[in-house]
Amino acid sequence: MAYATPSQQYLWAVDLPWEATVADAIEAARRVANAPEVPWDTAPVGIFGELCQRSDRPAAGDRIEIYRPLRCDPRQRRRDQVQKQRKARAR
């Protein structure tokens, strides 16, 4: 299990039966974690960077990730930076 903030990364290793789901893995990690700031129930989840459902079954060794919302849209941020650079050059 993995979760990251801008200042800290959390990793939890959990052992699960083969029929366990992503939701089971999240619950197992919650039991061993001391991380109340993790949005356990509400955040989107994925396996190795690919979104998945909590009902999906991970394979042995899969890294299940809990995603946090982005502060801003990266594409819009890039557009804003380009506009700022263009304005600076025009002066």
Side-chain angles (χ1 to χ4, degrees):
M1 289 290 314
Y3 179 75
T5 65
S7 61
Q8 187 170 1
Q9 180 181 7
Y10 300 94
L11 295 171
W12 303 282
V14 294
D15 290 321
L16 303 167
W18 68 271
E19 69 275 359
T21 64
V22 169
D24 296 332
I26 291 170
E27 193 56 39
R30 184 193 310 224
R31 285 192 298 269
V32 299
N34 184 19
E37 65 276 12
V38 176
W40 299 104
D41 298 319
T42 58
V45 295
I47 298 175
F48 290 121
E50 296 288 328
L51 284 175
C52 70
Q53 301 295 316
R54 291 172 184 257
S55 59
D56 291 349
R57 290 197 168 125
D62 279 355
R63 182 184 67 229
I64 300 169
E65 303 158 337
I66 300 174
Y67 302 122
R68 61 184 166 81
L70 297 175
R71 292 184 188 172
C72 64
D73 180 357
R75 292 174 292 186
Q76 186 60 45
R77 182 176 174 202
R78 177 68 182 137
R79 286 184 200 109
D80 294 344
Q81 287 175 339
V82 169
Q83 288 294 340
K84 186 177 177 181
Q85 289 170 355
R86 287 180 182 164
K87 287 180 183 179
R89 283 189 217 139
R91 292 181 187 176

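Just so it is clear, the model here is predicted, and its values are computed rather than measured.
Between Trp12 atom CH2 and Ile64 atom CD1 the span is 12.0 Å, to the nearest 0.5 Å. Gln81 CD to Arg86 CZ: the interatomic distance, rounded to the nearest 0.5 Å, is 12.5 Å. Here the OG1 atom belonging to Thr42 is positioned 13.5 Å from the CZ atom belonging to Arg68, to the nearest 0.5 angstrom. In this structure, the separation between CD1 on Ile66 and CZ on Arg30 is 8.5 Å, given to the nearest 0.5 Å. Between Gln83 atom CD and Lys87 atom NZ the span is 6.5 Å, to the nearest 0.5 Å.
Counting only distance, with no hydrogens or angles, the side chain of Asp80 and the backbone of Arg77 share no donor-acceptor pair below 3.5 Å.
Trp40 and Leu51 are not part of a single hydrophobic cluster, where members link through side-chain heavy atoms under 4.5 Å apart. Residues Leu11 and Val22 do not share a hydrophobic cluster, defined by chaining ILVMFWY side chains whose heavy atoms lie under 4.5 Å apart.
With sequence neighbours excluded, the residues forming a side-chain contact (heavy atoms from CB on, under 4.5 Å) with Asp62 are Ile47, Phe48, Pro58, Ala59, listed by chain and number. Listed by chain and residue number, Tyr10 satisfy the side chain to side chain donor-acceptor pair (under 3.5 Å) test with Gln8 (two or more places apart in sequence, or in another chain).
Arg71 and Pro6 get closest at one heavy-atom pair: NH2-CG, 3.4 Å. Summarising the geometry of Gly46 relative to Cys52, their closest heavy-atom pair is CA-SG, 3.7 Å, with the distance given to 0.1 Å. When all heavy atoms of Glu19 and Arg57 are compared, the pair lying nearest together is O-NE, 2.9 Å. Taking every heavy atom of both residues into account, Arg63 and Ala2 meet most closely at CD-CB, 4.0 Å. Nearest approach of Ile26 to Arg54, heavy atoms of both residues: CD1-NH1, 3.3 Å.
In this structure, Asp73 places its CG atom where more than 12 heavy-atom neighbours from other residues, nucleotides or ligands lie under 6.0 Å away. Under a cut-off of 6.0 angstrom, the local environment of CD in Glu50 is sparse, with at most 12 non-hydrogen atoms contributed by other residues, nucleotides or ligands.
Side-chain contact check for Arg78 versus Arg75: every heavy-atom pair is 4.5 Å or farther apart.
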